[in-house]
Amino acid sequence: MAGFYMNRLFTLSKQACLTRSLRYNHSPASGHYDIIISGGGMVGFAMACSLGRNDRLKNKRILLLESSNYKELNLTAYNLRVCALNLNSKLLLESLGAWQHIVNARCSPVKKMQVWDACSDALITFGRADLSEEIAWIVENNVIQDSLMKELQHKNQVDVQYQSKVIHYRLPNHADDAVQVTLENGSHFTTDLIIGADGYNSGLRQAMKTQYITHNYNQMAVVATLRISESTENVTAWQKFLPSGPIALLPLSTGLSSLVWSTDKKLAQHLLGLPPEIFTDRINQAIWNNEDINHRAQNVTEQLFQLLKVCRINSREENETDTRQLPPSVVGIEGHQAAFPLSFGHSVKYVSPKTVLIGDAAHRIHPLAGQGVNLGFGDVAALNEVINEAIDSGSDHGNYLYLQKYQSNRQLKNLAIMAIVHGLHLLYGTKSLPHVFLRSLGLTVTDSLPSVKRLITLTASA
Amino acid sequence: MNCIVPPSTHNSTTVSHTRHTYIYNNMLAIRNFPRNYCSKSTLSEDEIQKFSKMANEWWDINGPFNGLHSMNQLRVPFIRNGISSHQKSAVVNATPASLLAGCSILDVGCGGGILSESLGRLGANVTAIDPSEENVAAASLHAQKLKLNNVTYEVSSVENFKTLNPTTLFDAVTASEVIEHVENPEFFIQTCTSLLKPGGSLFITTINRNAASWALAICAAEYVLNVVPKGTHDWNKFVTPDELNSFITKNGCQLRQLHGMAYNPFINKWHWSRCTSVNYALHATKSVHD
């Protein structure tokens, strides 16, 4: 930790004194920054890197405020929180220079995804049959975070201040006034643009007094690092839709996968209390058990599958196995299981004058499609783009007209993804026959149409 | 802005040959600045009075000038691209942070400085003139607040400016939403082009004169939707693209671009259009051999 600070300090010449006090948070400070980012999570740090690399902002001063401590990356155990990064997120991290640090630490490519239904045999797969293409990357949250922190050390115009809890935001009434930010330790800053990356419980969003639409799923995601029996390359992501919620196994390394099991709160609490062996059994049961199969839906799906095959609509090649690939069985867990609550949330406004929300501060979704942080990284890229556009048009970097452009671009995309994900949650959250019919037929037909699948993949990575 | 004294009605006939640059302090009332009019001014007195009343509202992005703030999204890139594609020599020092560094621009009829400031932020050395003292006061205060040192405001008409600075030439002259307010557009264009270096660019945005512009720019904008204050425009003063083209050609300039602009008042957004029957933007360059 000291090394980190030393490195940063040596790179800063003029503002060394100020920066030191900022960094160590010894005494209250004050000053003006062109941009302040509130919240140093993955999305906040990605935003800081993105702005720090931006040539157009070379003469600007940027501050990132994070309420927690600096955390050194520890790779001994796998982190329980992982992300499935899509292609666009990977491209963003590459462009920020952070991807190389991720590769140097660890990440696991996904070359195939198999999604199936507990109530019928319907399934859908994504990715090339010969596993020649990487379609997503499973990376632990702290590895992503650390890669961005490392990259940010080289950016002189960005100051990072840990242990800095914002207690008050004063948003401007007039276009020429600055945003005022007050910290718990008495520090007071002003800025021309405040970016809220402070998570789903965003204090900045509350200060904006915008409407926030929430829905409690009454579900929790149970997470754990699993030892699996897979002897071959572990490159497939598995997801089974149980009536109580989806269960997913995401590859971490040859013998390890990450579990994300979304289920109702009662069952989640129960699972949390189980000893490792019984917990392992329950996972295997959830993946392998066919007790929820609805035989009528099963028959119809099977007939449709045959029909598609006869009509040669089916996309699968002759040499491809028609039979589904079987998921691995779980042999044990590493460490302990944990759980976090799930909810849906969407801020009606992402922007107000000189104020903008990104990531979970603006929108929070169910992890069933693994889109949460990808949407956040999409926000980072989009906000950086409109800031560039504003500067190239001679406007202030926080110009409201351009922020509004960010809002409409992102809401269009985010709301579409959120609606799809929420729709899937509703469609799969039941055993009722019409729903099972609908989703089984839908999944079977979709799986046989390569163009539609490509479209889904594109949408998911947009 | 309540500290600002209303414009003086005192018209001095003495022509001062110094270049007046006023950066007003919040606490200082404006001196009664002798407004200098040439014998042949293109400005009508009632037009100046009209805009003076609005000076305080210039920088309210939700105020009466929100359409002009929004228009920056089109006209600034139009000017930026026009200069960087036709006058590469004027912007040799450009960096991503200041794309127009080193370029000198005269913004005629700058109003509250909505366009001038944006050009200044792009790194250009902007001289912005407006005959209304209140407009210039409002603009100066704002630029001072933002520490924009490369934008200089002066109370002057373009004819007056030319008389006072007979040898000063600019890389570009802009007159955005101005020519529809002048008495003698042909003389106005002649003066603007006389202030251009050889090869320099003239940028004009204005409103066409036809039935469509009467219906939209006067009836709809001023009376139905109230997006422009009533009485802002006088339809008879509007200039058609053909007239404008003939004026610039007479003055040794060549038309480079002519684009229609369309405004959606409901979302306060401008976009380029093929149709030049209401709002349009023009870019012309002065002949290199003058």
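Values in this document were obtained by computation on a predicted structure and should not be read as measured data. Every chain is numbered from 1, with letters handed out A, B, ... down the list of sequences.
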Taking all non-hydrogen atoms of both residues, which atom of A:Asp392 and which atom of B:Leu99 are closest, and how far apart?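 Residues A:Asp392 and B:Leu99, closest heavy atoms: OD1-CD1, 3.5 Å.
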Check B:Ala97 against A:Arg56 and note the closest heavy-atom contact, atom names and distance. CB-O, 3.6 Å
Between B:Gly120, B:Ala124, B:Pro96, who has the most heavy-atom pairs with chain A when the cutoff is under 4.5 Å?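 Max contact count across the listed options: B:Pro96.
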Rounded distance (nearest 0.5 Å) linking atom [atom1] of [X] with atom [atom2] of [Y]:
{"X": "B:Met71", "Y": "A:Leu401", "atom1": "CE", "atom2": "CG", "value": "13.0 Å"}
{"X": "A:Tyr402", "Y": "B:Asn72", "atom1": "OH", "atom2": "CG", "value": "7.0 Å"}
{"X": "A:Ser393", "Y": "B:Leu122", "atom1": "OG", "atom2": "CG", "value": "7.5 Å"}

Look at atom CD of A:Gln411 and say whether more than 12 heavy atoms of other residues, nucleotides or ligands are closer to it than 6.0 Å.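 Yes, CD of A:Gln411 has more than 12 neighbouring heavy atoms, counting only those of other groups under 6.0 Å.
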Heavy-atom proximity to chain A below 4.5 Å, by part of B:His142: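 Only the side chain of B:His142 comes within 4.5 Å of chain A.
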Looking at A:Ala390, A:Pro353, A:Gly394, which makes the most heavy-atom pairs under 4.5 Å with chain B?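 Heavy-atom pairs under 4.5 Å are most numerous for A:Gly394.
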Contact winner vs chain B - A:Asn399, A:Ile391, A:Asp396, heavy-atom pairs under 4.5 Å: A:Asp396
